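Keep in mind that the numbers below use all heavy atoms, side chains included, and drop hydrogens, waters and symmetry copies. Being a predicted model, the structure only gives us computed values, none of them experimental. So that the names make sense, note that chain A is the first sequence line, chain B the second, and so on, each numbered from 1.
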Amino acid sequence: MSEKEDAAAGPAWSTRVPERPTLDGLEERWASAWESEGVYRFDRSAPRERIYSIDTPPPTVSGSLHVGHVFSFTHTDLVARYRRMRGMEVFYPMGWDDNGLPTERRVQNHFGVRCDPTVAYDAAFEPPAEPPEEPIAVSRPNFVELCLRLTQTDERAFEELWRRLGLSVDWGMTYATIGDDARRISQRSFLGLLGRAIAYQVEAPTLWDVDFQTAVAQAELEDRERPGAMHRVRFHGEGAQPLIETTRPELIPACVALLAHPDDARHAAIVGSEVRTPLFGTAVPVLTHELVERDKGTGLVMVCTFGDLTDVTWWRELSLPVRPVLGVDGRLVPIPWGEPGWESADIDAARAAYGELAGRTINQARRRIVELLAESGDLIGEPQEVKRAVKFYERGERPVEIVTSRQWFIRTMEHRDALIARGRELKWHPAYMRARFEDWVNGLTGDWCISRQRFFGVPFPIWYPVDAGGVVQYDAPITPREEQLPVDPSTDVPDGFQESQRGTPGGFIGDPDVMDTWATSSLTPQIAGREWIDDELFRAVFPMDLRPQAHDIIRTWLFTTILRSHLDHDELPWSNAAISGWILDPDRKKMSKSKGNVVTPMHLLEEHGSDAVRYWAASGRPGADTAFDPQQMRIGRRLAVKVLNASKFVLQDSPTPAARVSHPLDRALLARLADVIRAASESFDAYDYTRALERTEEFFWWYCDNYLELAKGRRYDSDPEVSGSVARALTLSLSVFQRLLAPFLPFVCEEVWSWWQQGSVHRAAWPQARELERDLSGGDGELEARALDVAAAVLHEVRKAKSDARRPMRAPVARVVVRDSAERVGALELAAGDLRLAGAIELLEGEAADAFAVAVELADGADD
RNA sequence: GGGCGCGUAGCUCAGUGGGAGAGCGCUCGCUUCACACGCGAGAGGUCGCAGGUUCGAAACCCGCCGCGCCCACCA
């Protein structure tokens, strides 16, 4: 039982049972009471072993929260509330992910500005009231300021929603991924990796989005089905005229080789020879490689600079030359035909043909070259329509290309084995989610590219010297001192230089890029725990206990967070990962805006009530995709109403409880309750909140339908031992139910708790089976349990008789004859008097164990 | 092509070696002194298909079919 704390109750805690309890208004009332009482405040003075720390997912603020957020954030809150009631100090901060492209795009449109890192910072800059036609160029620090200004509005709306949903976050601890501290920690970690040569810079083929004109990472790609066409194209050889098939004929000028499989006899004759490309007459070798698939197309494949990642593999392994034709803007660049690397059997023809393509976009160039190939007779047959999966940047609108550029990378390939081992150290909930992590690590094809050619993000804290000849010395980066962080090299000046030297011979330039958003998000445990800024706090919360997140970002957020912690701390960032599923609409598709079926979360909370929505969320098992189901919310609301009414029934006019529960039915009830406490606790310990809810809820309904009915007749019994035993069983069980349900239905449970207890239920002790030990000691548990079973069964038969006779439930009973096994009849004898059937009850012993039969005679006459 | 998950009542799902279950929906009944945001009762299923293991399989094994997600060297 909760200890009565003297005078701890504020004005919000009343002590009266209302006449007509209602759910209306509970959210506002208790959310503000929790805030003013500091119920969820984190006490950092607690020893580490009593701290439970959560690495909350920071939602992207430039967008809106949707039903899926409500779903998964509720799961985390269930665990947080359970651990808090178990006596843990719960470190449960909230972060805002305001760093990245979505915010950048919103700010551009909202204020009518564009970021130009070459512009100087203007401390007095104020955007016009109305966004101008032509965007105003502003410095990166000014742009970041505008981002922060806009995201603050979003963050307030998000916080309001989370409070209404009842997340037990300590709102005194929030962070933003673009905030000063996040930039400081992110830049410091980067500099550490740079010092250890784990971060490095290199000019290499990189995945490239031509619209955003930035490098992107493997983890940010997704496949989309796109219609394409397969073209059969003839190359020119001495005698042989080999055919290839390609979906990307516009890359023929970028062709550097043809490949066949080493065992493919069909092409053995030309392997080792040279052939010339159609239209351009460039000589390319015919080589072999194991990766070529014989049964695709003609068995000959064209290698270009670069059509896909396989081209990069072949280019690397076969030491092929490069012939880049694609520019960073997705258009074909001018080519100096005749110069080294661009030789041709017929320079004029090559120039003429390529002149038709230069400056065009990929799609335009493809259409034109098909016409040219048809005219020259090198296109064999008609192009065949094909469906093909094409890689897109997940936010992009055109396929990613591969472009050679200078980028920053973090070494991951050499750590793959260690990362797999980290994944096995981590406790996954559910366990099978680990396979997704291992699949991803095993499938990595290159180091993690972390630089982006964008503006709103954490800048690389790097400058480069410019030599006397004006050449940038990329190999000799200048780094800031730690205490200078965070720096923006586009406006800050490195030690020993003046601003006037920026971009001049003998001067310096800043690295123009920003980090991938995951390069910062991968440090959320360090950011939330304020590593290096508040090391005492960091030591208290890191490594954290829990990472909650959805399964779609295992390859990004979960993976990169493990990587960074492994590299910087040589340990896991957290000991448990709880993976939530997605919300599916009734068609079993992931709910998304494009489907037009997104319901706004605030509307849901207003319509059904927060407890009801939480109940629905809690019914989604860890990891399982769950259907959006308003019906389930109505059931949750029904449960909340039941909690109100059952609590009212137990608490109103309660006779004086005895010091101890003494009667068999009451003792049996408490014994079953102890089992439920054990089951719910075990489930919560295993992060299976759904099972904890199911067990508790199932028994609570049974309790209302059966035990409370049995108690009705007995609680005002003239014998104070009977009434005292019932009263004690009722108050003990009510206290337990209110606490077991508190994580799921925090508002209604706080309300009913306040009617008779001091302090918040959310800081009360989680129920323990041993609270009931004293009342359960002695006696014959089995016999008493059987008595309760049989009594409930008889009650059921009596109701059935009334229902079959279409009589009201208050119809009097003349006589009940129960026939059952000797064992069960014996048990019922203990409780027969407590059934209060208002009529005679006869017990007969039957022959077999399944002899249970009840004959009910209803009294004739009026029902009232 | 590979991996993971799923397939049980009209719907959403629980059930992992021995009685086929819950809630909703449906049908019928009832103002019952906590609750009409209620209460009581009832109907409803060849547990995806086909083999195997076992005295016994919804559950364990093998194969297949279907759905979803992730991954892949998708020319």
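- Regarding contacts with the backbone of B:C37, every side-chain N or O of A:K642 stays at 4.0 angstrom or more from both OP1 and OP2.
- Residue A:Q384 contributes atom CD, which lies 16 Å from atom C1' of B:A75 at whole-angstrom precision.
- One interatomic measurement links the two molecules: CG of A:L221 to C1' of B:A72, which rounds to 13 Å at whole-angstrom precision.
- An OP1 or OP2 oxygen of B:G29 is reached within less than 4.0 angstrom by no side-chain nitrogen or oxygen of A:R799.
- Both A:V301 and A:A219 sit near RNA chain B, but only A:A219 has its closest nucleotide nearer the 5' end.
- Across the protein-nucleic acid pair, A:D311 atom CG and B:A75 atom C1' stand 8 Å apart, rounded to whole Å.
- Nearest nucleotide to the side chain of A:V641, out of B:C37, B:G3, B:A41: B:C37.
- You'll find that the side chain of A:A627 is closest to B:U12, out of B:C70, B:U12, B:G23.
- B:C39 is paired with B:G29 under the criterion used here, namely a Watson-Crick or G-U wobble arrangement in which both key atom distances are under 3.5 Å.
- Backbone-only engagement by A:T246 is indicated by non-hydrogen atom pairs under 4.0 Å involving sugar-phosphate atoms exclusively.
- In this structure, A:R621 reaches the sugar-phosphate backbone alone: every heavy-atom distance under 4.0 Å involves primed, P, OP1 or OP2 atoms, never a base.
- The OH-C1' distance, from A:Y432 to B:C70, rounds to 12 Å in whole Å.
- As judged by a 4.0 angstrom heavy-atom cut-off over every strand, A:R637 is placed among the base-contacting residues.
- Counting any heavy atom pair closer than 4.0 Å across all strands shown, A:C304 reaches no nucleic acid atom.
- Within 6.0 Å of the CZ atom in A:R715, the count of heavy atoms belonging to other residues, nucleotides or ligands exceeds 12.
- Residue contacts for A:V650: at a heavy-atom cut-off of 4.0 Å it reaches no nucleic acid atom on any strand shown.
- For A:R638, the listed nucleotide lying nearest its side chain is B:G23; candidates were B:A41, B:G23, B:A75.
- Side chain of A:D311 to backbone of A:V303: no donor-acceptor contact under 3.5 angstrom is found.
- Within the nucleic acid shown, A:Q218 comes within 4.0 Å of sugar-phosphate atoms alone, with no base atom in reach, counting heavy atoms only.
- Closest approach to the A:E709 side chain among B:U12, B:A75, B:A34 is made by B:A34 (side chain taken as heavy atoms from C-beta onward).
- Within 4.0 Å (heavy atoms only), A:K296 reaches at least one base atom of the nucleic acid.
- Rounded to an integer number of Å, the gap from A:R224 CZ to B:C71 P is 13 Å.
- A:S803 comes within contact range of at least one nucleobase, with a heavy-atom separation under 4.0 Å.
- A:M230 comes within contact range of the sugar-phosphate backbone alone, with a heavy-atom separation under 4.0 Å but no base atom that close.
- Within 4.0 Å (heavy atoms only), A:D308 reaches no atom of the nucleic acid at all.
- When distances run from any side-chain atom of A:M809 to the nucleotides B:A14, B:A34, B:G40, the shortest one goes to B:G40.
- Note: CD (A:E19) to P (B:C35) measures 10 Å, nearest angstrom.
- In this structure, B:G1 forms a base pair with B:C71, meeting either the Watson-Crick or the G-U wobble geometry with both donor-acceptor distances under 3.5 Å.
- Summarising the base pairing, B:G45 is matched to no nucleotide, lacking a Watson-Crick or G-U wobble pair whose two defining distances lie under 3.5 Å.
- Side chain of A:K648, nearest nucleotide from B:C24, B:A75, B:A34: B:A34.
- When distances are taken from the side chain of A:H796 to each of B:C69, B:A41, B:A75, the shortest belongs to B:A41.
- Both tests pass for A:R638 against the ring of A:W701: distance under 6.0 Å to the centre and angle within 45° of the axis.
- Residues A:H267 and A:V286 form no side-chain contact, since every pair of their non-hydrogen atoms from C-beta on lies 4.5 Å or further apart.
- Distance from the side chain of A:R806 is smallest for B:C28 among the nucleotides B:G42, B:C28, B:C24.
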Take A:R232 and A:D378 through the salt bridge (charged side-chain N to carboxylate O under 4.0 Å, His left out) test and state the conclusion after the steps.
-> CA-CA 8 Å; A:R232 185 163 277 226; A:D378 293 312; over 6 Å; no
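- A centroid separation of less than 6.0 Å is found between the aromatic rings of A:F737 and A:Y703.
- Nucleic acid contact for A:W701: sugar-phosphate only, since backbone atoms but no base atoms lie under 4.0 Å from a heavy atom of the residue.
- The side chain of A:K800 contributes no N or O atom lying less than 4.0 Å from OP1 or OP2 of B:G40.
- Look at CD on A:E694: it is 7 Å from P on B:G15, rounded to the nearest Å.
- Remark: B:G7 base-pairs with B:C65. Criterion, Watson-Crick or G-U wobble with two distances under 3.5 Å.
- No engagement by A:N442 is indicated, since no non-hydrogen atom pair under 4.0 Å with the nucleic acid exists.
- Contacts of A:Q632 with the nucleic acid, taken as non-hydrogen atoms under 4.0 Å apart, are absent.
- Summarising the base pairing, B:G18 is matched to B:C55 through a Watson-Crick or G-U wobble pair whose two defining distances lie under 3.5 Å.
- Side chain of A:V292, nearest nucleotide from B:A75, B:C24, B:A41: B:A75.
- Taking the ring axis of A:W616 as reference, the NZ or CZ atom of A:R637 does not stay both within 45° of it and closer than 6.0 Å to the ring centre.
- The minimum heavy-atom distance linking A:I402 with A:P205 is given by the pair CG2-CB, 3.7 Å.
- Shown here for A:V856 and A:E797, the closest heavy-atom pair between the two residues is CG2-O, 4.1 Å.
- Residue contacts for A:E438: at a heavy-atom cut-off of 4.0 Å it reaches no nucleic acid atom on any strand shown.
- One interatomic measurement links the two molecules: CG of A:D625 to C1' of B:C70, which rounds to 12 Å at whole-angstrom precision.
- Taking the nucleotide of RNA chain B with the nearest heavy atom to each of A:R715 and A:M302, the more 5' of the two is matched to A:R715.
- Candidate nucleotides B:C74, B:C70, B:A34 were compared by shortest atom distance to the side chain of A:K391, and B:C74 ranks first.
- Only the P atoms considered, B:G51 is 27 Å distant from B:G1, to the nearest whole Å.
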